[in-house]
Amino acid sequence: MDGKPDYSSNMFQNGLKVYPLKDRDKRPEMEFVDGSKQTFNTIHANDFDFYHELNDVIQREPVSFLDPELRGLFASIGIEKNKPFDPDAVAVGNATARAITFKTREKESSIFKLDIGSLDLLVAVTNG
């Protein structure tokens, strides 16, 4: 209120209770960490290191964290729970995706070039 977070912070700290359901009869004391003056890098890598970051998350979280479709997608590039990460699979997956995009067997697909000022784009379109 009045531009200050005091009311909301107080409501959050005194009203929020997060604990495992098994502990409902013996609720642990809540611990709040003030991260307001700390800096974080919340942007993922924009290079091959991204796949190492993704693998770290897959290894750390429970399998049910992701639906089977995403798990299969990650497995196709060598990222699977409780298995060593094989970075070569990422290169194979990347090459396969490019090959399918630019030399597709689908008759409904087409590739065309867009010329937008100084920006040239190759666009793959699938009708189906």
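Index from 1, following the sequence. All of these numbers come straight from a predicted model, not from anything done at the bench.
Across all their heavy atoms, R60 and K81 have their closest contact at C-NZ, 4.0 Å. Counting all heavy atoms, side chain and backbone alike, Q59 lies closest to E80 at NE2-O, 2.7 Å.
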Could you pull out all donor-acceptor pairs under 3.5 Å where a side-chain atom in residues 69-79 meets a protein atom, sequence neighbours excluded?
{"residue": "R71", "atom": "NH1", "partner": "V63", "partner atom": "O", "Å": "3.1"}
{"residue": "R71", "atom": "NH1", "partner": "L66", "partner atom": "O", "Å": "2.3"}
{"residue": "S76", "atom": "OG", "partner": "L73", "partner atom": "O", "Å": "2.5"}

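Residues in residues 14-41 take part in these ring-ring contact (aromatic ring centres under 6.0 Å, His included) pairs, two or more places apart or across chains: F12-F32.
Surrounding CG of D49 are more than 12 heavy atoms belonging to other residues, nucleotides or ligands, all under 6.0 Å away. Atom NZ of K26 sits in a sparse spot, with 12 or fewer heavy atoms from other residues, nucleotides or ligands closer than 6.0 Å.
In this structure, H52 and F48 have perpendicular ring planes: the angle between them is above 60°, well past the 30° mark.
Note that the CE atom of M11 and the CG atom of D6 stand 13.0 Å from one another [nearest 0.5 Å].
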Run the side-chain contact (heavy atoms from CB on, under 4.5 Å) test on M30 and Q13 for me, step by step, so that the C-alpha distance in whole Å, both residues' side-chain angles and the decisive distance to 0.1 Å come before the verdict. CA-CA 8 Å; M30 295 289 104; Q13 290 182 3; over 6 Å; no
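Using a 4.5 Å heavy-atom cutoff, the side chains of I58 and F85 are not in contact.
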